[in-house]
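Before I ask anything, let me first share the structure, which is written out below as structure tokens.
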Amino acid sequence: YLDDYSLAFLCKFKCLLLSRFEWHNKAKAEALVTAYARQGGRPIIDLTGAPVDVLSKEPSFLGVYGEPVDFLYQATLSVNGTTEKLLPFRSDYLPWHSFTPQGLDVNIATFPYAGVQGVAWGYKLVDGARVDFVGLNLLFHAVLTHDPVAIDLLEEDLGLKADQLSVHQ
């Protein structure tokens, strides 16, 4: 559970990737992530597997909701005016169930879905600190397929190289 960790422990890491995370107390978990971001940490949140809101039946965290999206083959990303196709989603995971985060301040990477733009990467400013959100279950897709488009986007936005080990301080 996210709120089992202390702020001091989380601050040992430059980047905190949350996917399939849970909490005992949502307000406490949100306050912890906000404090981590305000102290210079880089929280990146994938709402895949996060607890769902009782009323909306969608995952939510820090005021961002995950709208469900399903793909049967592959997605096309738009980043900085450039459009590139992701590799097809693996057939043993089809349809590809994921989320597009809603309620962000800035959309970095988008994809067309059902006549509107879904978000694959963006961020929200929370108490003046940037909190990133990832959609499309993009991280898992990159691991499964070694998709160069997804990996390039992740490397650029994370400021990390896929082939380098990250060490906590």
ask   = Heavy-atom distance under 4.5 Å between the side chains of V134 and I44, does that happen here?
value =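 Counting from C-beta outward, V134 and I44 do come under 4.5 Å.
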message = Could you walk me through whether L2 and E22 satisfy the side chain to side chain contact (heavy atoms under 4.5 Å, CB included) test, starting with their C-alpha distance in whole Å, then the side-chain angles of each, then the deciding distance to 0.1 Å, before giving a yes or no?
response = CA-CA 6 Å; L2 175 59; E22 296 184 32; over 6 Å; no
message = Any heavy-atom pair between the side chains of D4 and H24 that's under 4.5 Å?
response =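 Yes, at least one pair of side-chain atoms sits under 4.5 Å.
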Ring pair (Phe, Tyr, Trp, His ring centres under 6.0 Å) assessment of F61 paired with F21 = CA-CA 11 Å; F61 196 73; F21 64 105; 5.2 Å; yes
Side-chain donor-acceptor contacts of residues 115-126 below 3.5 Å, not counting sequence neighbours, with atom names and distances?
| from | atom 1 | to | atom 2 | distance (Å) |
| --- | --- | --- | --- | --- |
| Q117 | NE2 | T110 | OG1 | 3.1 |
| W121 | NE1 | D132 | OD2 | 2.8 |
| K124 | NZ | L62 | O | 2.9 |

query = Can you check whether L7 reaches Q39 side chain to side chain, under 4.5 Å on heavy atoms?
reply =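 In short, these two side chains touch, coming nearer than 4.5 Å.
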message = Any heavy-atom pair between the side chains of K85 and V149 that's under 4.5 Å?
response =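 In short, these two side chains do not touch, never coming nearer than 4.5 Å.
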ask   = Does the side chain of T82 come within less than 4.5 Å of L77's, by heavy atoms?
value =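 In short, these two side chains do not touch, never coming nearer than 4.5 Å.
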key: Residue list, side chain to side chain donor-acceptor pair (under 3.5 Å) with N80, at least two apart or on another chain   =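 Residues passing side chain to side chain donor-acceptor pair (under 3.5 Å) with N80: none at all.
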ask   = Would a 4.5 Å heavy-atom cut-off, applied to side chains only, mark L139 and L154 as touching?
value =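 Yes - at least one pair of side-chain heavy atoms lies under 4.5 Å apart.
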inquiry  = Measuring from atom CD of Q102 to atom CG of N107, what distance do you get when rounded to the nearest 0.5 angstrom?
reply    =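 Taking CD in Q102 and CG in N107, the distance rounds to 8.5 Å.
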ask   = About how many Å separate CG of D3 and CD of E30, when rounded to the nearest 0.5 Å?
value =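 Rounded to the nearest 0.5 Å, the CD-CG separation comes out at 10.5 Å.
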key: Side chains of K26 and S60 in contact at under 4.5 Å (non-hydrogen atoms)   =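 Yes. Closest side-chain heavy atoms under 4.5 Å.
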query = Do S78 and F111 have side chains that get closer than 4.5 Å, going by heavy atoms?
reply =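 S78 vs F111: side chains apart.
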message = For Y113 and T100: C-alpha separation, side-chain torsions, deciding distance, then whether side chain to side chain contact (heavy atoms under 4.5 Å, CB included) applies.
response = CA-CA 10 Å; Y113 183 78; T100 176; 6.0 Å; no
ask   = Hey, do the aromatic rings of F99 and Y65 have their centres closer than 6.0 Å?
value =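 Here the rings of Y65 and F99 have centres that are no less than 6.0 Å from each other.
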query = With a 6.0 Å cut-off on ring centres, are F140 and Y93 close enough?
reply =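 They qualify: ring centres under 6.0 Å apart.
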message = Would you say CZ of R38 has more than 12 non-hydrogen atoms from neighbouring residues, nucleotides or ligands within 6.0 angstrom?
response =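 Atom CZ in R38 is not crowded, with 12 or fewer foreign heavy atoms closer than 6.0 Å.
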Could you pull out every donor-acceptor pair under 3.5 Å between side chains of residues 66-76 and any protein atom, sequence neighbours left out?
| from | atom 1 | to | atom 2 | distance (Å) |
| --- | --- | --- | --- | --- |
| D70 | OD1 | H97 | ND1 | 2.5 |
| Q74 | NE2 | L86 | O | 2.4 |

task = Could you please spell out the steps behind the side chain to side chain contact (heavy atoms under 4.5 Å, CB included) verdict for R90 and L144?
result = CA-CA 8 Å; R90 277 200 11 195; L144 281 177; 3.5 Å; yes
message = Before we go on, tell me: are the rings of F9 and F13 under 6.0 Å apart, centre to centre?
response =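 Yes, the ring of F9 comes within the 6.0 Å limit of the ring of F13, centre to centre.
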Rounded distance [0.5 Å steps], CD1 in I151 versus CD in E155 =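 If we round to the nearest 0.5 Å, I151:CD1 and E155:CD are 7.0 Å apart.
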